[in-house]
Amino acid sequence: MDKKEISNSIQKIIEKNNDSYKGYKQVADKANDSQLRSFFIQQATERKEFTGKLLNQLKIYNPDHNDNASGSAVGSLHRTWINVKTALSQDNDEALLEECLRGDKASIEDYEEFLNNNKEIPDNLRSTITQQVQDIKNTLDSVSRLEDVH
């Protein structure tokens, strides 16, 4: 892949993080349990930080890249689905956790696809992306445990 294609792939991960940020903020507003709400807010904050780190890395990697990531149509559709699902669900918190699982699994797939398809990226960029995917995997484990409790 050339620099432009790699930059566009990084941009897609940034969009995914913007979607995750918006999604976690949305589920925090809908959560009944205060501890769960705090967890969701913490995750939203982390995804916002991921976006900032990736934007900085992208600017270093390709200063000419034009950033216009605000989120994706798929992410918007997923947040709409969360609204529908929670409106129909008997256990709102469990439904929210299920959607967080789905979203985080999709994020992990996107990150791993990027890493597998871009072997020649700078070490600092690879390190940032590798750390973020590991953090998302840890979150996925936490969400799975929370789902078992709810």
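Just so it is clear, the structure is predicted and the values come from calculations on it, not from any experiment.
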Mind checking the [atom1]-[atom2] spacing from [X] to [Y]? Nearest 0.5 Å is all I need.
X      : Y      : atom1 : atom2 : value
Ile129 : Ile121 : CD1   : CD1   : 4.5 Å
Lys105 : Ser107 : NZ    : OG    : 12.5 Å
Leu55  : Ile14  : CG    : CD1   : 4.0 Å
Gln131 : Ser127 : CD    : OG    : 7.0 Å
Leu101 : Leu140 : CG    : CG    : 5.5 Å
Asp110 : Glu15  : CG    : CD    : 10.5 Å

With sequence neighbours excluded, tell me which residues meet side-chain hydrogen bond (donor to acceptor under 3.5 Å, both in side chains) with [X].
X      : answer
Asn56  : none
Thr128 : none
Tyr111 : Asn17, Gln132
Ser7   : Asn62

Is there side-chain contact between [X] and [Y], with heavy atoms separated by less than 4.5 Å?
X      : Y      : result
Leu58  : Leu125 : no
Glu46  : Ile136 : no
Thr139 : Gln43  : yes

Just jot down the side-chain contact (heavy atoms from CB on, under 4.5 Å) partners of [X], sequence neighbours excluded, or say none.
X      : value
Thr45  : Ile41, Glu49
Lys4   : Asp2, Asn8
Ser142 : Phe39, Arg145
Thr130 : Leu115, Arg126

Taking only residues two or more places apart in sequence or in another chain, which ones pass salt bridge (Lys or Arg N to Asp or Glu O under 4.0 Å) with Glu112?
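Listed in chain order: Lys137.
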
Ser20 vs Phe50, test: side-chain contact (heavy atoms from CB on, under 4.5 Å). Steps then yes/no.
CA-CA 10 Å; Ser20 294; Phe50 285 1; over 6 Å; no

Taking all heavy atoms of [X] and all of [Y], pick out the closest pair and write down the distance.
X     : Y      : result
Leu97 : Val143 : O-CG1, 3.5 Å
Asp93 : Ala31  : OD1-CA, 3.4 Å
Ala44 : Tyr21  : O-CD1, 3.1 Å
Ala28 : Arg37  : O-CG, 3.1 Å
Asn92 : Lys30  : ND2-O, 2.6 Å
Ile6  : Tyr61  : CD1-OH, 3.4 Å

Residue pairs fulfilling side chain to side chain donor-acceptor pair (under 3.5 Å) with at least one residue in residues 113-124, sequence neighbours excluded:
Gln57-Asn124

Only residue of Asp19, Asn18, Asp104 satisfying side-chain contact (heavy atoms from CB on, under 4.5 Å) with Arg47 is Asp104

Lys3 NZ: over 12 foreign heavy atoms closer than 6.0 Å:
yes

